[in-house]
Amino acid sequence: MEEKKLPPTGHNRTPAIHDWLTGVMRMVKDGEISVENAVQQLSVLPYEDLDFAKLDHHRSVRTGFPEVVLGRGKTVEQIEAVSVRIVSYSQKLLVTHAVPEAFAAVKARIADAQYNPVARTIVVNRVKNEILRPGVTVVTGGTADIPIAEEAAVTAEIMGNQVQKLFDVGVAGIHRLLDKLPLLRASRVLVAVAGMEGALPSVLGGLVSMPVIAVPASIGYGANFSGLAPLLTMLNSCAPGVCVVNIDNGFGAGYIAGLINLSSQG
């Protein structure tokens, strides 16, 4: 009887981790180790200890995507070191909230690293001929929300999604949004970034049938309270299908949108 093939563990299984898993299973098959021994080995998930960081190289096997680096709060040297080690195991790297100085240091060590100055992201993508799955649309209420939206778009794209962008269509000129309804309704998931009072996701939730991921932005005057006002508006939305991430969390919204789109049918 032909042996059944195991389903892939994720969109980006890294060669080193994949080889390790394959090696353990092959030893079980060849009778070199017992099932109990294999279970014990597989329960000890690999990570790399850099003293200041414990890199989870097994994450791409568990979740389909490697560990993402938050650049804010880290030194340039730390970002450089972590990035070099991640790309030694993985074909993809994403660093968020990265300053230009950090990118310069990473670029000096990783020639194919790319920087998006608006999103403040460092990206490496070595997956050849990757077919991006359409379905994600990122929408902003205003132009000032674009950096957060770009972070969401970069995140969804490196996960394997094709992203459309629709900027400056907030509720102060609702006709601009209504003019794009066909595009919005053709999407599988929307990311809506808005500051001020944060009404955009609620409006979208009442117009479309797909999930809307709301991102409150810290853009606005004093009573915006650095994003708290739109956060509360979005959490209190009466429109169904709206979920909310934290203030300015474009990465989180892009990641969720990417997962929804990659797992959707059709």
query = Take atom CZ in Arg109; do more than 12 heavy atoms of anything else shown fall under 6.0 Å from it?
reply = no
query = Looking at residues at least two apart in the chain, or sitting in another chain, which of them share a salt bridge (charged side-chain N to carboxylate O under 4.0 Å, His left out) with Asp49?
reply = Lys54
inquiry  = For the CG atom of Leu204 and the CD1 atom of Ile213, what is their distance to the nearest 0.5 Å?
reply    = 12.0 Å
Sole residue of Leu200, Val139, Val193, Asp145 in side chain to side chain contact (heavy atoms under 4.5 Å, CB included) with Val215 = Val193
inquiry  = Less than 4.5 Å apart, side chain to side chain, heavy atoms only: is that true for Leu207 and Leu184?
reply    = no
query = Taking the side chain as C-beta and beyond, is there a heavy-atom pair between Ile33 and Val28 under 4.5 Å?
reply = yes
note = In terms of heavy-atom contacts, Ala81 and Phe52 come closest through CB-CZ, 4.0 Å
ask   = Can you check whether Ile131 reaches Asn129 side chain to side chain, under 4.5 Å on heavy atoms?
value = no
query = Is a side-chain donor-acceptor pair under 3.5 Å present for Asn116 with Thr121?
reply = no
task = Could you state whether Leu94 and Val87 fall into the same hydrophobic cluster, counting links through intermediate Ile, Leu, Val, Met, Phe, Trp or Tyr residues with side-chain heavy atoms under 4.5 angstrom apart?
result = no
inquiry  = If I take atom CZ from residue Arg120 and atom CZ from residue Phe103, how far apart are they, to the nearest 0.5 angstrom?
reply    = 15.5 Å
Shortest non-hydrogen separation from Glu197 to Val171 and the atoms involved = OE2-CG2, 3.3 Å
request  = State whether the side chain of Arg59 and the backbone N or O of Phe65 hold a donor-acceptor pair below 3.5 Å, judged by distance alone.
outcome  = no
remark   = Value for CG (Leu231) from CG (Asn236), rounded to nearest 0.5 Å, stands at 9.0 Å
task = Using modelled atom types only, decide if a donor and an acceptor are shared between the side chain of Thr140 and the backbone of Thr143 within a distance under 3.5 Å.
result = no
task = Determine yes or no for a side-chain-to-main-chain donor-acceptor pair under 3.5 angstrom, with Tyr115 supplying the side chain and Ala98 the backbone.
result = yes
ask   = If you look at every heavy atom in Gly252 and Val245, which pair is closest and at what distance?
value = C-CG1, 4.3 Å
ask   = Do Ser226 side-chain atoms and Ser218 backbone N/O form a donor-acceptor pair below 3.5 Å?
value = no
ask   = What is the distance from atom CD1 of Ile79 to atom NE2 of His97, rounded to the nearest 0.5 Å?
value = 11.5 Å
Pro230 side chain reached by Met196 side chain, heavy atoms, under 4.5 Å = no
query = When hydrophobic residues are tied together by side-chain contacts of less than 4.5 Å, even through go-betweens, does Val84 share a cluster with Val123?
reply = no
Donor-acceptor under 3.5 Å (Lys74 side chain, Leu70 main chain) = yes
query = Can you check whether Pro182's main-chain N or O pairs, donor with acceptor, with Arg185's side chain at less than 3.5 Å?
reply = no
query = What heavy-atom pair brings Val106 and Ala113 nearest, and what distance separates the two atoms?
reply = CG1-CB, 4.1 Å
inquiry  = When you compare the side chains of Ser237 and Ser202, does any donor N or O come within less than 3.5 Å of an acceptor on the partner?
reply    = yes
Counting only pairs under 3.5 Å, give me each side-chain donor-acceptor contact of residues 152-162, with atom names and distances, residues two or more places apart or in other chains.
residue: Thr155; atom: OG1; partner: Glu151; partner atom: O; Å: 2.8
residue: Asn161; atom: OD1; partner: Asn261; partner atom: ND2; Å: 2.9
residue: Asn161; atom: ND2; partner: Ala156; partner atom: O; Å: 2.9

key: Sub-4.5 Å side-chain heavy-atom contact between Leu55 and Leu50   = yes
key: Check against salt bridge (charged side-chain N to carboxylate O under 4.0 Å, His left out), Glu130 and Lys92   = CA-CA 12 Å; Glu130 185 173 28; Lys92 294 186 177 183; 2.9 Å; yes
query = Do Leu183 and Val136 belong together in a cluster built from hydrophobic side chains that touch within less than 4.5 Å?
reply = no
request  = Determine whether Val124 and Arg126 make a side-chain contact, defined as any pair of heavy atoms from C-beta on separated by less than 4.5 Å.
outcome  = yes
message = Please tell me whether Ile148 and Ile146 are part of a single hydrophobic cluster in this structure, the criterion being side-chain heavy atoms less than 4.5 Å apart.
response = no
query = Do Ile247 and Asn249 come close enough that some side-chain heavy atom pair is under 4.5 Å?
reply = no
ask   = Do Val138 and Tyr255 share a hydrophobic cluster, counting only Ile, Leu, Val, Met, Phe, Trp and Tyr and linking them when any side-chain heavy atoms are less than 4.5 Å apart?
value = no
inquiry  = Can you give me the closest heavy-atom contact between Asn224 and Gly195, atom names plus distance?
reply    = ND2-C, 4.0 Å
ask   = Do Lys165 and Glu150 sit within salt-bridge range, that is, some charged N less than 4.0 Å from a carboxylate O?
value = yes
Glu67 CD to Ile86 CD1 distance, which is reported to the nearest 0.5 Å = 5.5 Å
request  = Look at the aromatic rings of Tyr89 and His57 and report parallel, tilted or perpendicular, splitting at 30° and 60°.
outcome  = parallel
Met210 side, atom CE; Arg188 side, atom CZ - distance, nearest 0.5 Å = 10.0 Å
task = List the steps, then state whether side chain to side chain contact (heavy atoms under 4.5 Å, CB included) holds for Ile122 with Ser83.
result = CA-CA 9 Å; Ile122 302 171; Ser83 298; 5.7 Å; no
ask   = Within a strict 4.5 Å, meaning less than it, do heavy atoms of the Met234 and Pro216 side chains meet?
value = yes
ask   = What are the two closest heavy atoms between Ala214 and Val242, and how far apart are they?
value = CB-CG1, 4.0 Å
